[in-house]
Each structure stands twice: as C-alpha cells, then as structure tokens.
Student: 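Sharing a structure here in structure tokens format.
Values in this document were obtained by computation on a predicted structure and should not be read as measured data. One-based numbering, in listed order, for ligands and for the atoms of each.
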Amino acid sequence: MKIGVVCYPTYGGSGVIATELGKALAKKGHEVHFITYQEPVRLDSFSENIFYHEVAALDYPLFRYQPYESALASKIVDVARFEKLDIIHVHYAIPHASAALMARSILKGKGFHLPFVTTLHGTDITLVGKDPGYKPVVEYSINQSNGITSVSQSLKDDTYANFSIEREIEVIPNFIDFSRFKKTDKEHFKKAICPNGEKLLMHVSNFRKVKRVEDVLQMFELVSKKVPSKLLLVGDGPERMNMEILCRKISNCENVRFLGKQDAIEDLLAIADLFVLPSETESFGLAALEAMACEVPVISSNAGGLPEINIQGKTGFMSNVGDFTDMAKNAVYILEDEKRLNEFKKNAFAQAKTFDINNILPQYESYYNQVIKASRPVGSAV
Ligand code: GMT
C-alpha cells in the first residue's frame with residue numbers, strides 16, 4: 001500500500017505512535033509518506049520506503065495566525081496525486097481530520113479518490129476537541145472520515161459521550177516496539193544516581209496541567225520518608241517552573257532531579273524501580289506502557305484508559321485522581337519488599353508484551369484494507 005501519514009512531529013504521544021507505526025509499515029514493504037511541518041523526531045533512521053514532505057505555511061502580514069490547515073490540505077492534495085496514495089492516516093483529529101476532509105473533496109473534483117482514517121488520541125477529544133470553539137468542526141470531520149480508530153475503549157466511550165458520532169469507532173490500542181524498549185543492564189548508571197542503593201522513582205511527561213506533576217512530588221515526599229529513594233522527572237513543558245518551585249517548598253530537593261527533555265527514555269527506564277503517572281485525564285498512557293516494557297511497575301491514577309493497561313495489584317496500583325497519599329502507600333508497599341518488587345516487575349513486562357507492535361500492526365493493515373474496499377467509488381477498477 002501507499003500510505004500518507006499526518007501527525008504532530010514533536011514529542012507528543014500521538015506523534016510517537018504515528019512515526020513508529022509508519023516505520024513499521026515501511027519495514028513490511030509499504031510505502032509511507034509523512035506529511036508534517038517538521039521531520040518527526042522519531043524518524044531517526046533511513047528507510048527506502050519512507051518519504052517526508054514538509055508542510056510550509058506561508059506567512060503574510062495580514063495573517064494574525066498562519067492558515068496551517070489550508071497549507072496541510074494543499075500538501076495532501078499534491079502528495080496524494082503525485083505519489084498515487086491509496087489511503088491517508090491522520091493522527092490527532094485537530095486540525096488533521098478537517099484538512100484531510102478538505103483534501104479528499106478537492107481530489108474528488110479532480111477524479112482522484114483518497115480515503116482517510118482518523119485516529120483519536122486523547123486531548124483531541126477529552127479536552128481541546130470538545131471545546132465549543134472547535135467542536136462543530138471536530139465532530140463533522142470525524143463523522144466524514146472513511147475510518148475512525150481510537151487508542152482505547154475509554155476514549156471510544158468518551159467520544160460517543162461528548163460528540164454525536166454516527167459511525168463505528170474501531171479500538172486499536174497503542175503498542176510497543178520491544179527491539180527498542182527492553183530492560184538493559186545499566187548498573188553503573190544506577191550506582192551514579194542511587195549510590196547507597198536507594199530505590200528510583202521516575203515520571204515522564206510534557207509537564208502540562210493534566211499530568212498533575214505536583215502529585216508526583218507530594219507522593220515522593222511521603223515515600224522517601226519510608227523508603228530511601230530518588231526521583232527523576234523527565235520532560236519539559238508549561239508546568240516545569242511551578243514544579244521546581246513546589247519541589248523547593250515541600251523539600252530541599254536533594255533527592256529530586258529535573259532532567260528536561262530526553263531522547264533515550266529506555267536508558268533511563270532501565271534503572272527505574274517505579275513509574276508514576278497521576279494524570280487527570282489519560283486516554284491510554286503510552287509513557288506507562290513504555291515503562292512496563294522495561295520491567296517497571298506503575299503507580300497511576302485510574303483516569304481514562306489507564307485501567308486498560310495497568311492491572312490493579314499486579315502490574316502496579318491505581319488511585320483516584322489527586323489521591324497522592326494512597327499512591328504513596330501503594331508505592332511503599334511495592335518498594336519495601338524486594339521479592340514483591342520483582343514480582344510486580346515481571347507482571348508489568350508480561351502485560352506490556354500483549355501490546356507488542358507485531359500484534360497491533362496487522363490490525364492497522366487489515367483496517368486500511370477494509371476502509372479502502374468499503375470506500376471505493378462504485379464502478380472503479382479494483
Ligand atoms: O495530550 C497529550 O498528552 C499528548 C497526546 C498526543 O496526542 O500527543 O497524548 C495522548 O495520546 C497518547 C498516544 O495515543 C496517549 O498515550 C496519551 O494517553 C494521550 N494523552 C492524554 O489523553 C492526556
């Protein structure tokens with residue numbers, strides 16, 4: 001197949017999934033065309049089947065906001081016709097689904113059929129998408145998609161609850177590439193961070209309010225009083241400064257390190273004992289799954305799709321959003337007993353295995369084929 005991929009090329013989970021999926025499809029022999037405003041960060045290796053087309057939104061003194069959606073739709077039209085794409089897959093509805101819809105209409109007028117699949121990832125539904133400023137366009141473009149997928153059952157339910165959707169949504173969960181995310185021996189590094197055998201807790205996010213990083217800090221303060229431990233905070237975003245201030249307020253921060261954005265997350269996960277994700281909303285929680293793949297149990301909230309990956313009392317624990325005292329209690333329970341900790345680590349890995357990319361990739365391939373077949377114009381050649 002010749003597949004177009006539209007996504008956010010930066011550090012967000014949807015961009016990571018889109019890029020890893022594209023890379024895996026290319027490896028299987030499909031031709032994959034990324035159409036984005038910047039080369040996706042995870043597109044770090046060369047493949048003869050991968051192509052990158054940059055969307056350049058022209059600036060002009062009249063524009064207060066650059067019309068990115070128009071530039072994207074125009075680029076899709078151009079790439080689809082020239083490269084003869086069979087299908088386009090857009091990740092994160094805003095504004096990618098409406099741009100694909102516009103492109104499909106333009107192409108139809110030129111006698112070219114381009115079906116598109118929209119994958120719903122999270123805040124495009126639960127936060128931004130349902131805002132009245134965007135909702136009519138999001139709802140319409142989802143309904144007009146030739147195929148719709150969501151990354152969890154919880155997100156599918158949220159979509160039906162918040163929008164008038166007349167179509168079936170297919171749940172295809174996020175996945176892990178075990179050739180990258182696996183436990184490796186980094187004992188020297190662990191010794192440098194935890195010189196006295198302390199336990200290591202870790203949080204990775206884009207430091208937005210929904211991630212509730214303040215709960216990680218509050219919880220760690222309680223845990224470190226019971227179990228000698230250290231905390232690594234990975235990532236950056238709007239809440240970073242507030243979190244550094246809070247850290248200084250509640251403790252002297254000597255056991256907490258803010259690492260900022262990091263590429264080799266798997267090298268950090270290799271030395272972690274516990275991963276913490278106390279989000280307000282989380283449609284899936286890819287960061288938690290990556291931790292589990294590296295044999296790290298998870299302490300999380302029970303928001304959104306987290307119960308679909310974190311099994312209570314087996315791979316970690318879940319608490320109500322904001323209940324950092326309960327999270328601390330559960331963390332201590334796991335960390336204070338070495339045998340118990342190892343059992344949780346084993347279970348986390350086994351659960352992550354069920355999300356192996358090799359199991360999920362065929363689901364996308366078969367969904368693309370189904371969508372292409374069902375949307376083929378009557379009378380067109382097969
Ligand atoms: O909102 C974000 O955190 C970024 C967002 C994205 O689309 O980039 O992440 C969402 O998609 C990820 C990949 O499917 C999921 O693992 C995250 O749970 C989800 N984030 C939220 O729902 C908050």
Side-chain angles (χ1 to χ4, degrees), residues 5-22 24 36-38 40-42 89-97 117-131 134 138 142 148-159 161-162 169-177 181 203-213 215-216 234-240 261 265 269 275-293 298 300-310 318 321 351-352 355 357 360-361 363-364:
V5 177
V6 173
C7 64
Y8 283 103
T10 48
Y11 283 86
S14 61
V16 168
I17 285 295
T19 312
E20 295 297 343
L21 177 61
T36 55
Y37 60 78
Q38 178 190 299
V41 280
R42 287 265 183 113
H89 187 173
V90 304
H91 293 261
Y92 202 91
I94 310 166
H96 302 149
V117 169
T118 301
T119 289
L120 310 171
H121 275 275
T123 49
D124 47 350
I125 294 299
T126 55
L127 210 71
V128 200
K130 67 181 190 194
D131 182 277
Y134 291 109
V138 174
I142 291 175
I148 313 160
T149 74
S150 83
V151 298
S152 65
Q153 180 62 41
S154 148
L155 186 60
K156 175 177 173 173
D157 297 342
D158 279 343
T159 309
N162 289 303
I169 300 175
E170 181 93 358
V171 177
I172 304 184
N174 287 334
F175 51 80
I176 284 288
D177 180 352
F181 285 94
H203 167 81
V204 181
S205 78
N206 43 24
F207 281 63
R208 284 172 305 149
K209 273 200 183 309
V210 286
K211 300 294 176 183
R212 295 191 65 96
V213 186
D215 290 351
V216 182
V234 183
D236 211 339
E239 285 297 295
R240 163 90 182 259
K261 277 186 189 138
I265 299 290
L269 287 169
F275 189 81
V276 191
L277 194 64
S279 311
E280 178 102 39
T281 68
E282 199 68 70
S283 70
F284 184 85
L286 184 61
L289 187 62
E290 290 176 344
M292 288 158 70
V298 173
S300 71
S301 69
N302 52 11
L306 285 168
E308 291 170 52
I309 57 172
N310 192 9
M318 291 174 293
V321 173
Q351 166 71 345
F355 295 89
I357 190 167
I360 309 297
L361 187 68
Q363 295 182 37
Y364 274 114

Student: Could you list which atoms of ligand 1 come closer than 4.0 Å to a heavy atom of Tyr92?
Tutor: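 Selected atoms, number and element: 7 (O).
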Student: If you measure every N/O of Ile17 against every N/O of ligand 1, is any gap under 3.5 Å?
Tutor: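 It does not: no N or O of Ile17 is found under 3.5 Å from an N or O of ligand 1.
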Student: With a cutoff of 4.0 Å, is Asn206 in contact with ligand 1, counting heavy atoms of the residue only?
Tutor: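 In this structure, Asn206 qualifies as a contact of ligand 1 - some heavy atom is under 4.0 Å.
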Student: Hey, which atoms in ligand 1 end up nearer than 4.0 Å to a heavy atom of Gly285?
Tutor: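 Under 4.0 Å from Gly285, ligand 1 has these atoms: 15 (C), 16 (O), 17 (C), 18 (O).
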Student: With a 4.5 Å cut-off on side-chain heavy atoms, are Ile172 and Tyr364 touching?
Tutor: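 In short, these two side chains touch, coming nearer than 4.5 Å.
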Student: Run the numbers for me: atoms of ligand 1, each under 4.0 Å from some heavy atom of Asn174, listed by number.
Tutor: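 Ligand 1 atoms under the 4.0 Å threshold to Asn174: 13 (C), 14 (O), 16 (O).
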Student: What about His121: any of its N or O atoms under 3.5 Å from an N or O on ligand 1?
Tutor: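 Yes; the residue has a nitrogen or oxygen that sits under 3.5 Å from a nitrogen or oxygen of the ligand.
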Student: Is it true that Glu280 and Lys209 make a salt bridge, defined as a side-chain N closer than 4.0 Å to a carboxylate O?
Tutor: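 Looking at Lys209 together with Glu280, the answer is no, because their closest N to O distance does not fall below 4.0 Å.
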Student: Residue-level breakdown please: for Arg208 versus ligand 1, do any non-hydrogen atoms fall below 4.0 Å on the side chain, on the backbone, on both, or on neither?
Tutor: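 Near ligand 1, Arg208 shows its side chain, while the N, CA, C and O stay back.
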Student: Is there at least one pair of N or O atoms, one from Gly13 and one from ligand 1, spaced under 3.5 Å apart?
Tutor: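 Right, the criterion is met.
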Student: Do NZ/NE/NH1/NH2 and the carboxylate oxygens of Lys211 and Glu282 come within less than 4.0 Å?
Tutor: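 Looking at Glu282 together with Lys211, the answer is yes, because their closest N to O distance falls below 4.0 Å.
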Student: With heavy atoms of Leu286 as the reference, note each atom of ligand 1 found under 4.0 Å away.
Tutor: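 Listed by number with element: 16 (O).
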Student: First locate atom CD1 of Ile176, then atom CE of Met292, and finally report the distance between them rounded to the nearest 0.5 Å.
Tutor: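 Here the interatomic distance stands at 9.0 Å.
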Student: In ligand 1, which numbered atoms sit nearer than 4.0 Å to a non-hydrogen atom of Ser283?
Tutor: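 Every atom of ligand 1 under 4.0 Å from some heavy atom of Ser283: 15 (C), 17 (C), 18 (O), 19 (C), 21 (C), 22 (O).
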Student: For the residue pair Phe284 and Phe355, does the interplanar ring angle fall in the parallel (under 30°), tilted (30 to 60°) or perpendicular (over 60°) class?
Tutor: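 Geometry flag for Phe355 against Phe284: perpendicular rings.
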Student: Where does Phe284 meet ligand 1, judged by heavy-atom distances below 4.0 Å: at the side chain, the backbone, both, or neither?
Tutor: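 For Phe284, the contact with ligand 1 is made by both the backbone and the side chain.
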Student: Relative to the heavy atoms of Thr123, which atoms of ligand 1 are at a distance of less than 4.0 Å?
Tutor: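 Here the atoms of ligand 1 in question are 1 (O), 23 (C).
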Student: By number and element, which atoms of ligand 1 are closer than 4.0 Å to a non-hydrogen atom of Glu282?
Tutor: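 In order of numbering, the contacting atoms are 17 (C), 18 (O), 19 (C), 20 (N), 21 (C), 22 (O), 23 (C).
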Student: Which atoms of ligand 1 are found less than 4.0 Å from any heavy atom of Gly12?
Tutor: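 Counting atoms of ligand 1 from 1, those under 4.0 Å from Gly12 are 8 (O).
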Student: Can you find a non-hydrogen atom of Lys211 under 4.0 Å from ligand 1?
Tutor: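 Contact present.
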